[in-house]
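Below: the structure, in structure tokens.
Chain letters run A, B, ... following the sequence lines, proteins first and then strands; every chain starts at 1.
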2 protein chains.
Amino acid sequence: MDKVPTIKDVADRAGVHAATASRALNTATRGMVNTRTVTRVLEAAKALGYAPNSAARSLRTRTSSVAGVIIPDLRNPVFPPIVRGIEDGLREAGYMALLGNTDGDIDRERELFDAMRGRQTDGFILATSRRDDELPATVPTVLVNRRTDTGAVPSVTADNDAGVRMVVRSLVELGHSRIGHVAGPRHLSTGWERYRAFVDATGAESVTFAAAFTEEAGFEATLRLLDAYEGLTAIVAGNDLIALGCYAALASRGLSVPEDVSVTGFNDIPFADRQRPGLTTIRIPHYDIGLESARLLLARIANPAAPAKRIVLPVELITRGSTASPKP
Amino acid sequence: MDKVPTIKDVADRAGVHAATASRALNTATRGMVNTRTVTRVLEAAKALGYAPNSAARSLRTRTSSVAGVIIPDLRNPVFPPIVRGIEDGLREAGYMALLGNTDGDIDRERELFDAMRGRQTDGFILATSRRDDELPATVPTVLVNRRTDTGAVPSVTADNDAGVRMVVRSLVELGHSRIGHVAGPRHLSTGWERYRAFVDATGAESVTFAAAFTEEAGFEATLRLLDAYEGLTAIVAGNDLIALGCYAALASRGLSVPEDVSVTGFNDIPFADRQRPGLTTIRIPHYDIGLESARLLLARIANPAAPAKRIVLPVELITRGSTASPKP
DNA sequence: TTGTATGCGTTATCAA
DNA sequence: TTGATAACGCATACAA
């Protein structure tokens, strides 16, 4: 008998009917089965190495214990720790993650979403939504590190507003008064919220928008910023990768960090401390963001009618060598 | 009618039997259906927004178009690009990836493996196997960046042997003759193969083994190496993270890189170029390793009897500031 | 507390 | 070329 054992095999071995075995195996219904019967069934299951066929179970219960996780690109260093947190959070409830990358392509996101839905995914964790996204209300969904403007979808994010204010305050305390901002894309909540916070905190207009949260886009946007606003002594970058683009752009203009211009990032990605100079940035709790988003999703799956929580996790200023007082 | 349409709904709308609709919808069986019937069915499916219920299909066909991907820890920077390549490779065939992390824990690996199997996974891509692992022959499996000693399991790896030889040759050409090796764990094929290649290439005995492929383990093993073998002018590290541990250990002894000791890594992880000094290392084609492993798995799923290919991808020496000629 | 019967949606087999 | 029917493995409403 090489074939995979079914619940029928377990039932036969335990001398009960398949229905009883099913009840004994399932913790929720175990209560309605005689204790001795339960042990017999459990022993039989163990002896046979029984594992329930999830396809059959899904077909019957319309749940799969699988969540879809859709992100732009795993190679962006913010995502690995977040995804890791998600996976650990899902595992607490016996869930697993189906992973997909979109490269920011909205059609691909749609495709992936549909394909995962076809695979009976119980819910979604999305790191890809634009601020104006309309998400189908039919399936439990949580946004991670992103929000929609309406706030109708539950989300887990870092405190972008507080982070930017911390960074700006530290620059002001160092004596900077001409501060620029290389913002992330407007259509992403992270880019937008940090931009709003920067304008609120500084009242400054010296802002350019990078086309993406990448080093290349940061490089390009920094050059535009330098051309448009003279005499800046500090640049607040929309995230760490953009900040690295700032480094390169400043170097290309013969400016050094932090002697000529201070630079700050956002996220504290791995290796931010190894840059030259080390990057002053805002540390967000990557792993916990993932973990909380998984838990939030599980809660939504358990009770889809629950209000759409928006969890905002605290951030921390990490001061390194990329910021200093401006030259007199 | 808000409910999800089934094949029965499609069949009714097209005026055919469900079995016929199934044949028309499935490309493999489409040939046995009248062309006009096919178009009618396809139109009906489109009109209803029909998507097959994969649980029902899996139950019937015993396939799922899902592959399990099990790695030690996504936060290790080698894995994101590999996983990304895997995902893209799987997608070419309409497959998706179920992702799991083990933290190197063999029990957890077993658990994940079983849990994924229970979810009707069609095959596995494992980055976790030890050299002596016995893998169940019952389900198609491919190893990525790892091999077992017997070679009975198909695998996709970088050319560890050639990489180490390139590194050693370049050090020798720089004039080094007292070269040490901080190897990765013996029980992993990457650690073992690079160690063997080092010994073959140098004939040297100056080796210590790190407990893991991490910076901390590299730090600790480097201190042991320095204590055991005096006068080393170069250290070949088992991978980049270990090399960063070397940097730290050398610094703690007041030695500078590359003036006192040259250091090399392996993998060329993102940001290896940003270290201080930039790390001379072997670049492995992370993404392609993932891509090829996905394709290999798909081939094995299509034909499980096919011979167990072992694909070895070429590597490249990347010279940066961490290597130089020894002091006279 | 346990057994019986049924159906989830799909596809494979068999017959027409 | 199509239709009828059964079966994949499980969980539940109902009966005992």
Side-chain angles (χ1 to χ4, degrees), chain A residues 1-42 44-45 48-66 94 117-122, chain B residues 1 3-42 44-45 48-66 94 115 117-122:
Chain A
M1 265 263 284
D2 243 356
K3 63 184 271 291
V4 180
T6 72
I7 201 168
K8 182 80 170 44
D9 300 322
V10 174
D12 287 351
R13 190 178 228 268
V16 297
H17 192 270
T20 307
S22 171
R23 285 186 281 251
L25 258 10
N26 210 315
T27 47
T29 49
R30 191 169 289 165
M32 46 176 84
V33 178
N34 184 303
T35 317
R36 291 200 15 245
T37 315
V38 171
T39 18
R40 273 216 319 286
V41 171
L42 259 33
L48 293 173
Y50 169 76
N53 179 317
S54 73
R57 172 179 283 167
S58 289
L59 184 56
R60 186 64 231 253
T61 63
R62 305 181 160 292
T63 67
S64 63
S65 293
V66 170
R117 238 157 65 106
R119 283 186 171 75
Q120 319 314 122
T121 307
D122 288 349
Chain B
M1 264 268 279
K3 64 185 269 293
V4 181
T6 72
I7 201 167
K8 182 78 170 43
D9 299 321
V10 174
D12 287 351
R13 190 177 228 267
V16 297
H17 191 270
T20 307
S22 171
R23 285 186 282 252
L25 257 9
N26 210 317
T27 47
T29 49
R30 191 169 289 166
M32 45 176 86
V33 177
N34 183 303
T35 318
R36 291 201 13 248
T37 313
V38 170
T39 22
R40 273 218 317 289
V41 171
L42 259 34
L48 293 173
Y50 169 76
N53 179 316
S54 72
R57 173 178 283 168
S58 289
L59 182 57
R60 186 64 235 240
T61 63
R62 305 180 162 292
T63 67
S64 62
S65 292
V66 170
R117 253 190 13 136
R119 283 186 171 75
Q120 317 316 118
T121 308
D122 288 349

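- Each of Ala18(B) and Thr61(B) was matched to the nucleotide of DNA chain D holding its nearest heavy atom; the match closer to the 5' end belongs to Ala18(B).
- Taking every side-chain heavy atom of Ala56(B) into account, dG9(C) is the closest of dG3(D), dG9(C), dC10(D).
- Mapping Ala19(A) and Thr35(B) onto DNA chain D by nearest heavy atom places Thr35(B) at the nucleotide closer to the 5' end.
- Residue Arg23(B) places its side chain closer to dG3(D) than to any other of dG3(D), dG3(C), dA12(C).
- To the nearest angstrom, C1' of dA7(D) lies 12 Å from CG of Leu59(A).
- Phosphate proximity of dG9(D) to Arg60(A): absent, as no side-chain N or O sits under 4.0 Å from OP1 or OP2.
- In the set dT11(C), dT2(C), dC10(D), the nucleotide with an atom closest to the side chain of Val33(A) is dT2(C).
- Residue Arg62(A) places none of its side-chain N or O atoms closer than 4.0 Å to OP1 or OP2 of dA11(D).
- In this structure, the CG atom of Asp12(B) is 13 Å from the P atom of dG9(C), given to the nearest Å.
- Here the P atom of nucleotide dG9(C) and the CZ atom of Arg119(A) are 19 Å apart, to the nearest Å.
- For Asn26(A) and dA11(D), the shortest distance from a side-chain N or O to OP1 or OP2 is below 4.0 Å.
- Side-chain atoms of Arg119(B) come within 3.5 Å of backbone N or O of Ser65(A) as a donor-acceptor pair.
- Within the structure, a side-chain polar atom (N or O) of Ser22(B) is placed less than 4.0 Å from OP1 or OP2 of dT11(C).
- Distances shorter than 4.0 Å separate none of the side-chain N or O atoms of His17(A) from OP1 or OP2 on dT2(C).
- Between the Ser64(B) side chain and the Ser58(B) main chain, no donor and acceptor come within less than 3.5 Å of each other.
- The CD-P distance, from Gln120(B) to dT10(C), rounds to 17 Å in whole Å.
- No donor-acceptor pair closer than 3.5 Å links the side chain of Gln120(B) to the backbone N or O of Asn53(A).
- One can place OH of Tyr50(B) at 10 Å from C1' of dT11(C), the figure rounded to the nearest angstrom.
- If you measure from atom CD1 of Ile7(B) to atom P of dC8(D), you get 19 Å, rounded to the nearest angstrom.
- Taken from CG in Asp12(B) to CG in Leu48(B), the straight-line distance is 9.5 Å, to the nearest 0.5 Å.
- Rounded to whole angstrom, the span from the CG atom of Leu25(B) across to the P atom of dA12(C) amounts to 13 Å.
- Between Thr37(B) and dT2(D) there is a side-chain polar atom (N or O) within less than 4.0 angstrom of OP1 or OP2.
- Once rounded to the nearest 0.5 Å, the distance linking CZ of Arg40(A) with CG of Asn34(A) reads 8.0 Å.
- Between Arg57(A) and dG9(D) there is no side-chain N or O to OP1 or OP2 distance below 4.0 Å.
- Without hydrogens or angle criteria, Arg30(A) side chain to Leu25(A) main chain gives a donor-acceptor distance under 3.5 Å.
- Residue Thr20(B) has a polar side-chain atom (N or O) positioned under 4.0 Å from OP1 or OP2 of dG3(D).
- For the pair Met32(A) CE and dG3(C) C1', the computed distance is 14 Å after rounding to whole Å.
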